[in-house]
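Have a look at this one before I ask anything.
Below, chain A is the first sequence line, B the second, and so on; all start at residue 1.
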Amino acid sequence: MNKTVRVRFAPSPTGALHVGGAHTALFNWLWARHNGGKFILRIEDTDRERSTQEYEDTIMAGMRWLGLDWDEGPVKGGDYGPYRQSERLDLYHKFAEQLVEEGKAYREGTAIIFKTPSGVPLAFDDVVYGRIEVMSDTLKDTVLIKSDGMPTYNYAVVIDDHCMGITHVIRGEDHISNTPKQLMIFDALGWEYPVFGHLPMILGKDKKKLSKRHGATSVYEFRDMGYMPDSVFNFLALLGWSAGDDKEVFSREEAVSLFELSRVIRRAAVFDMDKLDHINQEHLKLLDPMVRLELVEPFWREMGLPVDDHGREYLAQSLTCLEGRGKTAREAAAYSDYFVSFKPVKERYDGSDVDEEQKATLRRFNGELLNLTDWKAAAMEEFARSWSAENSVKMRDIAMPLRMALTGMKVSPGVFEVAGQLGREEAARRLRHFGFLD
RNA sequence: GGUCCCAUCGUCCAGUGGCCUAGGACACAGCCCUUUCAAGGCUGCGACACGGGUUCAAAUCCCGUUGGGACCGCCA
């Protein structure tokens with residue numbers, strides 16, 4: 001039968017995990033999980049100048065944040081290690097020597113260079129791009145081992161993919177032109193090709209390759225902006241792939257079962273923040289209240305709010321009150337600060353927009369409201385409706401001042417929901433502060 | 001410049017010769033709901049780059065043009 005699927009994500013530790021890399025890692029992970037195969041993390045640190053341990057750590061942390069766990073790789077270990085190219089030098093040298101002995105490569109100083117054969121067609125069937133064929137004559141000789149003893153990318157990839165038993169090479173489309181070079185090396189060593197599947201590029205709003213200029217480029221920036229891993233995962237999965245139906249908001253598990261490499265699209269995709277916002281909001285709505293609280297809490301703390309003054313249930317319930325308001329955890333935190341503290345309310349509002357006559361009306365209404373036996377939103381609303389009708393006052397004329405006094409904002413969830421959640425005492429305290437209650 | 005890749009609404013996807021006067025989602029506009037804003041519901045705007053073929057029939061196949069992109073490093 002088919003052998004176990006083994007795929008790898010092979011970043012070079014010369015920067016943080018950016019959107020493009022995360023996308024590639026994600027598709028590899030999806031393919032491994034879909035097939036019950038192995039997802040391998042391999043660090044391609046052959047650039048001595050730019051590779052650092054710090055970057056390696058950030059990349060791994062970024063993957064963990066996205067939930068892309070690897071079965072073999074640094075930290076985790078595995079039977080095909082080491083998983084850092086700088087630790088596999090003997091392997092690269094061994095095969096390079098072999099190539100030299102067979103006359104397929106030659107030395108130039110301490111470097112070893114592969115001699116490109118002429119007149120050889122190099123072809124492979126890409127799972128997403130179809131058959132791609134190039135004549136070897138269009139290729140130059142390529143360096144295998146650099147003067148510093150390190151292997152080059154195009155060489156090390158071949159050795160490692162073969163030696164690690166990689167069955168599917170899934171990577172960015174920018175590697176399509178590199179593939180024929182690697183094919184020559186596979187051929188020279190008499191090795192079978194893995195299956196290749198190239199992924200479309202991800203572009204910025206200006207349709208140029210995504211870079212720092214396009215805002216968020218490292219996955220951490222998404223975390224800091226208040227996006228949750230599940231939605232970034234969901235969003236990234238939708239770039240270049242779809243299950244074929246209209247379902248766009250899905251869980252990891254659903255993506256795993258639906259994913260098909262053959263359904264990957266060829267056209268480059270533009271990274272659209274608006275869509276990410278929407279997907280994040282959808283995921284936020286689906287969240288368990290306590291989990292949502294964990295997501296929002298750091299942002300409240302960042303704003304200096306006394307989170308610890310309240311019980312977990314109260315805080316979680318406060319967020320539930322928001323009912324989908326806010327596209328990110330950061331926004332949700334900003335939209336709900338008044339549940340955590342009265343301070344920001346006072347900073348935003350001073351009650352000076354209400355004249356004495358209006359205040360008198362508010363005092364009458366609020367006085368009765370505070371005496372309601374049932375401190376529930378529905379009961380308060382019902383009371384407010386009949387009271388406003390009897391007193392010929394518009395609902396908004398009592399609801400808006402109430403909202404301003406309780407939240408300090410002109411925008412909030414239903415004001416009686418807010419009052420209910422704050423509790424009778426806290427509501428009274430705030431109303432009194434503004435002279436809206438005796 | 002050489003080689004390779006791509007081309008459906010502003011954006012992400014559906015579409016693999018007839019079901020397409022091209023479908024969904026985001027964004028945008030309007031309406032409904034309504035104590036505000038969201039959410040939700042409804043409606044609207046909006047695309048097969050162009051030109052040739054092939055075929056009874058093409059968004060779907062072929063060729064060309066144009067436009068994008070990638071690679072061409074002792075970077076990965």
Inset, instruction - Identify which nucleotide among B/C74, B/C26, B/U35 has an atom closest to any side-chain atom of A/Arg385, counting heavy atoms from C-beta outward. - result: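 From the listed options, B/U35 comes nearest.
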Inset, instruction - For the side chain of A/Asp274, starting at C-beta, report the closest nucleotide among B/A70, B/A27, B/A14. - result: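 Given the options B/A70, B/A27, B/A14, the side chain of A/Asp274 is closest to B/A27.
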Inset, instruction - Could you work out the separation of B/A59 and B/G53 based on their P atoms and round it to a whole Å? - result: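 Pairwise P distance, B/A59 against B/G53, rounds to 15 Å.
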Legend entry - Partner nucleotide, any strand, of B/U3 [Watson-Crick/G-U, under 3.5 Å]: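 When the pairing criteria are applied, B/A70 turns out to be the nucleotide that pairs with B/U3.
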Legend entry - Interatomic distance, A/Tyr92 OH vs B/A76 P [rounded to whole Å]: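 Spelled out: OH on A/Tyr92 to P on B/A76 is 11 Å.
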Inset, instruction - Check every strand shown and say whether A/Phe416 touches a base, only sugar-phosphate, or nothing at a heavy-atom separation below 4.0 Å. - result: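 The residue A/Phe416 makes base contact.
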Inset, instruction - Check every strand shown and say whether A/Val270 touches a base, only sugar-phosphate, or nothing at a heavy-atom separation below 4.0 Å. - result: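 Contact class for A/Val270: sugar-phosphate only.
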Inset, instruction - In whole angstrom, give the distance that lies between atom OH of A/Tyr55 and atom P of B/C75. - result: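 Rounded to whole Å, this separation is 18 Å.
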Legend entry - For B/U60, the Watson-Crick or wobble partner whose two distances fall under 3.5 Å: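 B/U60 is unpaired by these criteria.
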Inset, instruction - Assess whether atom CZ of A/Arg396 is packed by more than 12 heavy atoms of other residues, nucleotides or ligands within 6.0 Å. - result: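 Atom CZ in A/Arg396 is not crowded, with 12 or fewer foreign heavy atoms closer than 6.0 Å.
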Inset, instruction - Output yes when A/Arg42 and A/Glu44 qualify as a salt bridge under the 4.0 Å nitrogen-oxygen rule, no when they do not. - result: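 Salt bridge between A/Arg42 and A/Glu44, a charged N being under 4.0 Å from a carboxylate O: yes.
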Legend entry - Separation between the C1' atoms of B/C32 and B/C48, rounded to whole Å: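 Taking atom C1' in both B/C32 and B/C48, they lie 34 Å apart.
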Inset, instruction - Remember a base hit wins even if backbone is also touched, and classify A/Lys181 as base, sugar-phosphate or nothing at under 4.0 Å, heavy atoms. - result: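 Result for A/Lys181 = sugar-phosphate.
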Legend entry - Counter-base of B/U54, judged by Watson-Crick or G-U geometry with both distances under 3.5 Å: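 The base-pairing partner of B/U54, which may sit in any strand shown, does not exist here.
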Inset, instruction - Using the C1' atom on both, measure B/A22 against B/A29 and round to a whole Å. - result: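 Those two atoms are separated by 23 Å.
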Legend entry - Mate of B/A47 where both pairing distances stay under 3.5 Å, Watson-Crick or G-U: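 Partner of B/A47: none found under 3.5 Å.
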Legend entry - A/Ala269 side-chain proximity, nearest of B/U35, B/C13, B/C4: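 For the A/Ala269 side chain, the nearest candidate turns out to be B/C13.
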Inset, instruction - For the side chain of A/Lys140, starting at C-beta, report the closest nucleotide among B/G73, B/A25, B/G15. - result: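 Out of B/G73, B/A25, B/G15, the nucleotide with an atom closest to A/Lys140's side chain is B/G73.
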Inset, instruction - Remember a base hit wins even if backbone is also touched, and classify A/His175 as base, sugar-phosphate or nothing at under 4.0 Å, heavy atoms. - result: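 Base contact - A/His175 has a heavy atom under 4.0 Å of at least one base atom.
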Inset, instruction - Tell me the partner of B/C20, counting only Watson-Crick (N1-N3 plus N6-O4 or O6-N4) or G-U wobble (N1-O2 and O6-N3) with both under 3.5 Å; none if nothing fits. - result: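 Pairing partner: none.
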Inset, instruction - From the options A/Asn178, A/Asn28, A/Val157, A/Leu199, select the one residue that forms a side chain to side chain contact (heavy atoms under 4.5 Å, CB included) with A/Arg171. - result: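 Result for side chain to side chain contact (heavy atoms under 4.5 Å, CB included) with A/Arg171: A/Val157.
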Legend entry - Short N-O contact, A/Asp141 and A/Lys115, less than 4.0 angstrom: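 So A/Asp141 does not pair with A/Lys115 through a salt bridge.
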Legend entry - Distance between C1' atoms of B/G23 and B/G15 (Å, rounded):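 One C1' to the other, the span is 8 Å.
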Inset, instruction - Answer with base, sugar-phosphate or nothing: what part of the nucleic acid does A/Glu381 contact at a heavy-atom distance below 4.0 Å? - result: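 The residue A/Glu381 makes base contact.
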Inset, instruction - Pick base, sugar-phosphate or nothing for A/Gly109, based on heavy-atom distances below 4.0 Å to the nucleic acid. - result: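 Since no nucleic acid heavy atom lies under 4.0 Å of A/Gly109, the category is nothing.
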Inset, instruction - For the side chain of A/Asp47, starting at C-beta, report the closest nucleotide among B/A39, B/C75, B/C12. - result: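 Closest nucleotide to the A/Asp47 side chain: B/C75.
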Legend entry - Base partner of B/C31, which must satisfy Watson-Crick or wobble distances under 3.5 Å: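 Partner of B/C31: B/G41.
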Inset, instruction - Look at all strands and tell whether A/Arg267 reaches a base, only sugar-phosphate, or nothing, counting heavy atoms closer than 4.0 Å. - result: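 Base, at least one base atom sits under 4.0 Å.
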Inset, instruction - Could you tell me whether the side chain of A/Ile176 reaches within less than 4.5 Å of the side chain of A/Ile132, counting heavy atoms only? - result: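 In short, these two side chains touch, coming nearer than 4.5 Å.
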Inset, instruction - For A/Thr46, report the nucleic acid contact type (base, sugar-phosphate, nothing); a contact means any heavy atom under 4.0 Å. - result: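 Sugar-phosphate only.
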Inset, instruction - Take the protein atom CE of A/Met201 and the nucleotide atom P of B/C12, then report the distance between them rounded to whole Å. - result: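 Distance check: A/Met201 CE to B/C12 P gives 14 Å.
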Inset, instruction - State which of B/C12, B/C74, B/A76 makes the closest approach to the side chain of A/Asn154. - result: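 Of B/C12, B/C74, B/A76, B/A76 is nearest to the side chain of A/Asn154.
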Inset, instruction - Rounded to the nearest angstrom, tell me the gap between atom CD1 in A/Ile202 and atom P in B/U11. - result: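 Nearest whole value for this atom pair: 16 Å.
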Inset, instruction - Check every atom of B/C12, B/C74, B/U35 against the side chain of A/Leu239 and return the nucleotide holding the closest atom. - result: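 From the listed options, B/C12 comes nearest.
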Legend entry - Any donor-acceptor N/O pair, A/Arg6 side chain to A/Met164 backbone, under 3.5 Å: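 At least one qualifying donor-acceptor pair exists.
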Legend entry - RNA chain B: 5'-proximal contact among A/Pro11 and A/Leu139 (nearest heavy atom):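 Closer to the 5' end of RNA chain B: A/Leu139.
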Inset, instruction - Please tell me which of the listed nucleotides, B/G10, B/U3, B/C72, lies nearest to the side chain of A/Asp272? - result: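 Closest of the options to the side chain of A/Asp272: B/G10.
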Inset, instruction - Would you state whether a donor and an acceptor, one from the side chain of A/Arg403 and one from the base of B/U35, lie under 3.5 Å apart? - result: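 Flag set: donor-acceptor pair detected.
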Legend entry - base_contact_polar (B/C74 base, A/Ser147 side chain, donor-acceptor, <3.5 Å):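 Per atom types, the contact qualifies.
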Legend entry - Nearest-angstrom distance, C1' atom, B/C13 to B/U34: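 Straight-line distance between the two C1' atoms is 34 Å.
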Legend entry - Euclidean distance for P, B/G44 against B/G24 (whole angstrom):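 To the nearest whole Å, 10 Å.
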Inset, instruction - Using a 4.0 Å heavy-atom cut-off across all strands, classify A/Ser177 as base, sugar-phosphate, or nothing. - result: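 Contact class for A/Ser177: base.
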Inset, instruction - To the nearest Å, give me how far apart CZ (A/Arg107) and P (B/C74) are. - result: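 Distance, rounded to whole Å: 18 Å.
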Inset, instruction - Sticking with atom P, work out how far B/C50 lies from B/A27, rounded to a whole angstrom. - result: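 The same atom, P, in both gives a distance of 29 Å.
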Inset, instruction - State whether the side chain of A/Asn234 and the backbone N or O of A/Phe250 hold a donor-acceptor pair below 3.5 Å, judged by distance alone. - result: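 Here the side-chain-to-backbone pair exists.
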Inset, instruction - Looking at every strand, decide which applies to A/Ile145 at a 4.0 Å heavy-atom threshold: base, sugar-phosphate, or nothing. - result: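 The residue A/Ile145 makes no contact with any strand.
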Legend entry - Lys/Arg-Asp/Glu bridge criterion (N-O < 4.0 Å) met for A/Glu426, A/Arg430: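 Salt bridge between A/Glu426 and A/Arg430, a charged N being under 4.0 Å from a carboxylate O: yes.
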Inset, instruction - Just call it for A/Ser242: base, sugar-phosphate, or nothing, with non-hydrogen atoms closer than 4.0 Å on any strand. - result: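 Result for A/Ser242 = sugar-phosphate.
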Legend entry - Aromatic A/Phe233 / basic A/Arg252 pairing, under 6.0 angstrom, 45° off normal: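 Relative to the ring axis of A/Phe233, which defines the angle, A/Arg252 lies inside both limits.
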Inset, instruction - Report the distance from atom OH of A/Tyr129 to atom P of B/U3, rounded to the nearest whole Å. - result: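 Going from A/Tyr129 (OH) to B/U3 (P), I get 20 Å.
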Inset, instruction - For A/Arg263, answer base if it contacts any base atom (sugar-phosphate contacts may also be present), sugar-phosphate if it contacts only those atoms, and nothing otherwise; contact means non-hydrogen atoms under 4.0 Å. - result: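 Sugar-phosphate, no base atom in range.
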Inset, instruction - With the side chain of A/Lys285 defined as its heavy atoms from C-beta on, choose the nearest nucleotide among B/A39, B/A25, B/A7. - result: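 The closest nucleotide is B/A39.
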Inset, instruction - With the side chain of A/Asp174 defined as its heavy atoms from C-beta on, choose the nearest nucleotide among B/A14, B/C12, B/C71. - result: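 Taking heavy atoms from C-beta onward, the closest nucleotide is B/C71.
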Inset, instruction - Under a 3.5 Å limit for both distances, which nucleotide forms a Watson-Crick or G-U wobble pair with B/C26, could you say? - result: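 Its partner is B/G10.
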Inset, instruction - Using a 4.0 Å heavy-atom cut-off across all strands, classify A/Leu402 as base, sugar-phosphate, or nothing. - result: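 Contact class for A/Leu402: none.
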Legend entry - Euclidean distance, atom CD of residue A/Glu282 to atom P of B/A38 [Å, nearest integer]: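 One finds 15 Å between P of B/A38 and CD of A/Glu282, rounded.
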Legend entry - Between A/Asp160 and A/Tyr80, a side-chain donor and acceptor under 3.5 Å: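 There is no such pair (donor and acceptor under 3.5 Å, judged by atom type) between the side chains of A/Asp160 and A/Tyr80.
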Inset, instruction - For nucleotides B/U60 and B/G18, find the distance between their C1' atoms and express it as a whole number of Å. - result: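 It comes out at 11 Å once rounded to the nearest Å.
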Legend entry - Spacing between A/Ile176 atom CD1 and B/C6 atom C1', to the nearest angstrom: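 Checked: the CD1 to C1' distance equals 9 Å.
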Inset, instruction - Could you say whether A/Gln281 or A/Gly244 is positioned toward the 5' end of RNA chain B, judged by the nucleotide with the nearest heavy atom to each? - result: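 With A/Gln281 and A/Gly244 compared, the 5'-side residue is A/Gly244.
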Inset, instruction - Scan A/Glu44 against the nucleic acid and name what it touches under 4.0 Å (heavy atoms): base, sugar-phosphate only, or nothing. - result: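 If one applies the 4.0 Å heavy-atom cut-off, A/Glu44 turns out to touch the sugar-phosphate alone, with no base involved.
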Legend entry - Side chain A/Glu248 and base B/G24 donor-acceptor under 3.5 Å: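 Yes, the side chain and the base share a sub-3.5 Å donor-acceptor pair.
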